[in-house]
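Okay, structure first, notes after.
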Amino acid sequence: MLYIGVDLGTSAVKLLLMDADGKIRKIVSKEYPLYFPQPGWSEQNPEDWLEQTVEGIRELMRDENPASVAGIGCGGQMHGLVTLDERDCPVRPAILWNDGRSGKETAYLNEVIGKEKLSEYTANIAYAGFTAPKILWMQKNEPELFKRVAKIMLPKDFLVYRLTGAFATDVSDASGMLLMDVRNRCWSRDMLGICSITETMLPKIYESYEIVGTLKPEIAKRLGLTADVAVAAGAGDNAAAAVGTGTVGDGRCNISIGTSGTVFISTEKFGADKYNSLHSFAHADGNYHLMGCMLSAAACNKWWMEDILKTKDYSMEQKGISRLGENHVFYLPYLMGERSPHNNPDARALFLGMSMDTTREDMTQAVMEGVAFGLRDSLEVARNLGISVRQAKICGGGAKSGLWKKIIANVLNLTLEEIESEEGPALGGAMLAAVGCGEYPDVQTIARKLVKVKQTLEPSPELVRKYEEKYRRFRKIYPAVKSLY
């Protein structure tokens, strides 16, 4: 049988067709608009997600037998606020994960409700990107619109709802709403009260690999599939990517260099950082994970290359970079504020250390190193918790750069493992669908069988030493400029 994996990203939806042995038959990507109505705001039209997904699946299935598809699994951008009215129409554009408008509401939750209570209720504290602060913002700033809200859901759950009619979410994605009791994998009644919403407004929570329904007949017809195709609950993009890289079970690590950047550590036991610098979420494998997230990772490189240098030839711009660990230019990667570990939506990017002999290559190198230093900030929190991480899988668009991987391996002092099929959340979604359809007994089993390491990158002791000194200097920059934001 065949399985469709969906990665509902920030700029495009990526779809792949996988057979039961993990072979990828075809990949399709469809873009949609991203809107910035005000500085620091980020929105999308949920209907664009559906239309492009439908078009993508139709293209994916061209020349394939519709009856061969058993299931669909979705991974998707986390934390976004999607609101529907009683007629199931979007009340307003979706407010995305990288939207920073809810700073006051975030401060209210952390300072008035209190971080200790939030951590007790949800295992996490409030971040501007999370869903709960967005709900409070909408109640305060768009009260008439909020009165129309009948359903609150996450981006990939909107897609599942349109495909199946099932009002459902999964534990990994729901963990990032600040509405879920992560330890007990259920909605937190305390948080629902704080946000003045009812449980009927929220979807039913499933494990990521559980089947929530089948395709609605009219949708199946549009897709060119049979109506008995099963749809799994799916997972948040980082958890889905972790499944796709085999980061399941206990003590595994995955580094993702997508639009955002993450350090993802899987664990069989529930646990939380007492300072809440890392997110403590449920994992798509039925267990838990700790995650540090920086809001701008590959997005920094894209901004620098395409908006500033006006080029899309990334490899050419990196070609002249050779003096690793010796760059005198530093870059803070906070284009859209920052989450882990600073939790500051007002933080912004900056370059420091330019002089008359600074080159174009120095600036490009600084951007790549700044992202690597930001990732290390999260890894250091995990290490301070006593978690020993010596190797990690690496995925995401930024991981296609050999230079960037080399920088990351040495800044973080980790052995990096590249896998054969690095298709991120889309592959993870297809794998979850295969488990839900009974092709495999559990997530760990399918990961062991399908995920293969093709290449290992070891850090260099000399570069590790040089980057250690650079990282110590990098860590001093944010505290020095924090008051200026």
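Remember, it's a predicted structure, so these values are computed and weren't measured experimentally.
In summary, the side chains of E338 and Y478 do not present any donor paired with an acceptor at a separation below 3.5 Å, with no hydrogens or angles considered. In the model, Y209 has no side-chain atom that pairs as donor or acceptor with a side-chain atom of D170 under 3.5 Å.
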For residues 387-394, which side-chain N or O atoms pair as donor and acceptor with protein atoms under 3.5 Å away, sequence neighbours left out?
from : atom 1 : to   : atom 2 : distance (Å)
Q391 : NE2    : E417 : OE2    : 3.4
K393 : NZ     : T245 : O      : 2.9

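For E105, the side-chain hydrogen bond (donor to acceptor under 3.5 Å, both in side chains) criterion is met by no residue, not counting sequence neighbours. T259 meets the side-chain hydrogen bond (donor to acceptor under 3.5 Å, both in side chains) test with no other residue; sequence neighbours excluded.
Residues V371 and W404 meet the side-chain proximity criterion, which asks for heavy atoms closer than 4.5 Å.
The salt bridge (charged side-chain N to carboxylate O under 4.0 Å, His left out) analysis of residues 342-371, with sequence neighbours excluded, yields the pairs E317-R360. Applying the salt bridge (charged side-chain N to carboxylate O under 4.0 Å, His left out) test to pairs two or more places apart or on separate chains, those with a residue in residues 449-467 are D21-K449, E326-K466, E462-R465. Applying the salt bridge (charged side-chain N to carboxylate O under 4.0 Å, His left out) rule to pairs touching residues 41-54 yields E43-R92, E43-R101, E47-R162, E51-R222, sequence neighbours excluded.
More than 12 heavy atoms of other residues, nucleotides or ligands lie within 6.0 Å of NZ in K14, so this atom counts as buried by the packing criterion. The number of heavy atoms from other shown groups lying within 6.0 Å of CD (E306) is above 12.
The aromatic rings of F351 and W303 lie parallel to each other, their planes meeting at an angle below 30°, with 60° marking the opposite boundary. Relative ring orientation between F264 and H289 is described as parallel, the plane-to-plane angle staying below 30° on a 0-90° scale split at 30° and 60°. Between F130 and F281, the ring planes lie tilted relative to each other; the angle falls in the 30° to 60° range.
Checked against the 6.0 Å centroid threshold, H79 and Y127 do not count as a close aromatic pair.
Between the SG atom in C293 and the CE atom in M78 there is a gap of 8.5 Å [rounded to 0.5 Å].
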